[in-house]
Protein chains: 2
Amino acid sequence: MKRHQITIVDIAKELNLSKSTVSRALTGHPSVNAVTRQAVLDLAEKLDYQRNMLAISLVTRKTNTIGIIVPEFTSSYFPNITIGAQEVASKAGYNTVICQSNETYETEVANTKVMLANQVDGVLVSITKETKNFDHLKIFQRKGIPIVFFNRVCDEMDVPKVIVDDYDGAFRAVNHLIERGRKRIAHLSGPPSLKISEKRLNGYKAALRKNNIELDEDLVIPYDLNLDKVHIYVNHLLNLPHPPDAIFAINDPTAIEIIQVVKKRGLQVPEDIAVVGFSNDFASGLIHPSLTTVSQPVKEIGGTAAQLLIDQISRDVSEWKSIIRVLKTELIVRNSS
Amino acid sequence: MKRHQITIVDIAKELNLSKSTVSRALTGHPSVNAVTRQAVLDLAEKLDYQRNMLAISLVTRKTNTIGIIVPEFTSSYFPNITIGAQEVASKAGYNTVICQSNETYETEVANTKVMLANQVDGVLVSITKETKNFDHLKIFQRKGIPIVFFNRVCDEMDVPKVIVDDYDGAFRAVNHLIERGRKRIAHLSGPPSLKISEKRLNGYKAALRKNNIELDEDLVIPYDLNLDKVHIYVNHLLNLPHPPDAIFAINDPTAIEIIQVVKKRGLQVPEDIAVVGFSNDFASGLIHPSLTTVSQPVKEIGGTAAQLLIDQISRDVSEWKSIIRVLKTELIVRNSS
DNA sequence: CTGTTAGCGCCTTCAT
DNA sequence: ATGAAGGCGCTAACAG
């Protein structure tokens, strides 16, 4: 059961040196004889010695680890963001611990505890659709651990955030539908608790307004992002006395689901009804018809967030900034509109 | 810069108790007065006290963390496996650290160092397509840290492994193509270094043999899984004097790419050429035509691997088992064949 | 039931 | 350039 770990002491004994010298050699401290250093390094290599980061972190009070909390991993969106974040983090010498909150508030709270207990140097978070109370996240601030939000941000907290121009992206998407001659455009919106839902909805409204199309509240349906329910809303819309000729979806998974439902009903996309999504997930270019969508620079979102976080970490608490970085989206016109 | 962390000492002082009592109260040790315990718990709660896992792990020599090393995160395959693994792990009280090796040997080696340095209690790994030397993985065994392979396993090491019936899955996929009347079935195979490539190839060959179709070596192309090159091989096959009427791909991303190339050439799937993949990735049901493929129980793979690992962790080194768990695949017939 | 004493493996002054 | 001593925050015997 007890496995012997090779420690500094072992190699100190072997080489007849003091622990401190070995430690210095290992950490690349300049004030150590080149020969001694090499001897230490060689022996360490030979013995498969690995520095115990737990011990190091305990004394340096720094783990060189950043935590990432994402709501889910089911679409390609969040995995890609974590890839971007990991790239930047690892270049800066940081490890990454990823937790999925699984879109539930409780899990998110549990995740924050894990992060805290593991003494992460900072956290990246994108909240769940349920999260309305932010106390568990404010703890980080109070403890002097920087936090950076991305995508699903928390309005109440004055910290760095990385988002995209949701309003503008939605505006252009809807404007595009109008340019294509659509008059009755529905919007399957996200939960109102999410800022992105609100902004995309506002973009939608603004595009209608600009084109002098009156907003029909019946065509706007907020939903909880549970894909299993999409068919209900789509069928409801399609059964309306005056059904829509286009649907703008809060995100790609929703849009893809909409297309499936529409097709199952025997209707044609885009002939009978056009569909536009948001995010340009991997599957969107492959589905039939391919999905018109608003692409987000996913990896860049992750990378930017990680960078902002690392900047915060190296700053003194008193100098924390709360930059909001807004990344550009791009309308990708494909065959669904 | 220095943020004050609340420690056991703080709450011990406040309550006029010894550190050990507080510690025991916090860890739920039975031998502690109910009143005392509650007082400790209350104060801890009030102060947002979080146990410092670094310190705990240092002394208990257990981090309750398992590492996962996966080659990539670009398809839905590995993310889903990690989801399955995380579920099981977290239920057993384990945290998870995920590293992507990015399909390169060097990164994989670096990843193992990170795992070692962070004192993971065990590791789950799926090797890169480049990995031919396994010294970096054998270190775990030598240090008494259990390792479990999944999907891309290492033959040289006698440890638990979780795989699917690759041979059988491939066999049924190819057999299905033959039943559909295909005579010349090509196989875009994976790198020979990967066991899965070999097994799927063997399944392919066996299916031909069983149906008395002679193997045409020209129709078998091993490739390095770099999707950018798929078009080369597909075009090569299609330009053959006697081109294939079906292609069995090593995995879904490859199959999807094949379909794109075929379509771009103006040919029809499956009329001109049928395509079958392996893994049933998320996108496979959405692409047009939808992809016939061999589905793998992805979450179960991750969950099983995690469970085997946790079993190993709780066992004494002398009692390590090396079970090989083979999970069932299922042929999903869609429109590409 | 509670307190005392040692460390876990390492870094960091402070000496020499 | 090297040693010695102290401590990071916590648990684990060992004593009461």
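Throughout, protein chains are lettered first and strands after them, A, B, ... in sequence-line order, and every chain is numbered starting at 1.
Atom pair K13(A):NZ and dG3(D):P shows a separation of 15 Å (rounding to whole Å applied). As a whole-Å value, the separation of N118(A) CG from dC10(D) P is 13 Å. Spacing between atom CG of L15(A) and atom C1' of dT2(D) amounts to 13 Å, rounded to whole angstrom units. In this structure, N16(B) atom CG and dG3(C) atom C1' are separated by 12 Å, rounded to whole Å.
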Under 3.5 Å, sequence neighbours excluded: what are the donor-acceptor pairs made by side chains of residues 109-118 of chain B?
residue	atom	partner	partner atom	Å
N111(B)	ND2	Q100(B)	O	3.3
N111(B)	ND2	T107(B)	O	3.3
T112(B)	OG1	V109(B)	O	2.5
N118(B)	ND2	V114(B)	O	2.9

Under 3.5 Å, which donor-acceptor pairs link side chains of residues 76-86 of chain A to any protein atom two or more places apart or in another chain?
residue	atom	partner	partner atom	Å
S76(A)	OG	F282(A)	N	3.1
Y77(A)	OH	N151(A)	ND2	2.8
Y77(A)	OH	Q296(A)	OE1	2.7
N80(A)	ND2	S76(A)	O	3.1
T82(A)	OG1	P79(A)	O	2.6

Expected list for residues 48-58 of chain A: side-chain donor-acceptor pairs under 3.5 angstrom, two or more places apart:
residue	atom	partner	partner atom	Å
D48(A)	OD2	R142(B)	NH1	2.4
N52(A)	OD1	L54(A)	N	2.8
N52(A)	OD1	A55(A)	N	3.3
S57(A)	OG	M53(A)	O	2.8
S57(A)	OG	K62(A)	O	3.1

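Annotation: salt bridge (Lys or Arg N to Asp or Glu O under 4.0 Å) contacts of K195(B) (sequence neighbours excluded): D155(B), E198(B). For Y94(B), there are no ring pair (Phe, Tyr, Trp, His ring centres under 6.0 Å) partners at least two apart in sequence or on another chain. For R152(B), the salt bridge (Lys or Arg N to Asp or Glu O under 4.0 Å) partners two or more places apart in sequence, or in a different chain, are E103(B). Remark: D135(B) pairs with no residue by the salt bridge (Lys or Arg N to Asp or Glu O under 4.0 Å) rule, at least two apart or across chains. By the ring pair (Phe, Tyr, Trp, His ring centres under 6.0 Å) test, F134(B) pairs with no residue at all, sequence neighbours left out.
Listed by first then second residue, pairs satisfying side chain to side chain donor-acceptor pair (under 3.5 Å) with a partner in residues 304-313 of chain B read Q307(B)-D311(B), Q312(B)-R315(B), not counting sequence neighbours.
Two residues are said to be in side-chain contact when any heavy atoms from C-beta on lie closer than 4.5 Å; V97(A) and T65(A) meet this criterion. In this structure, V32(A) and T21(A) have side chains that are in contact, with non-hydrogen atoms separated by less than 4.5 Å.
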Could you list all N or O pairs between the protein and nucleotides 14-16 of chain C that sit under 3.5 Å apart?
none

Using nucleotides 5-9 of chain D, report all nitrogen or oxygen pairs with the protein that are shorter than 3.5 Å.
residue	atom	partner	partner atom	Å
dC8(D)	O3'	R61(A)	NH2	3.4
dG9(D)	OP1	R61(A)	NH2	2.1
dG9(D)	N2	A55(B)	O	3.4

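Taking 4.0 angstrom as the limit, S23(B) places a side-chain polar atom (N or O) nearer than this to OP1 or OP2 of dT11(D).
Near DNA chain D, meaning a heavy atom under 4.0 Å away, there are no residues from residues 29-43 of chain B.
At the heavy-atom level, D10(B) lies nowhere under 4.0 Å from the strands shown. Nucleic acid contact for S57(B): none, since no nucleic acid atom lies under 4.0 Å from a heavy atom of the residue.
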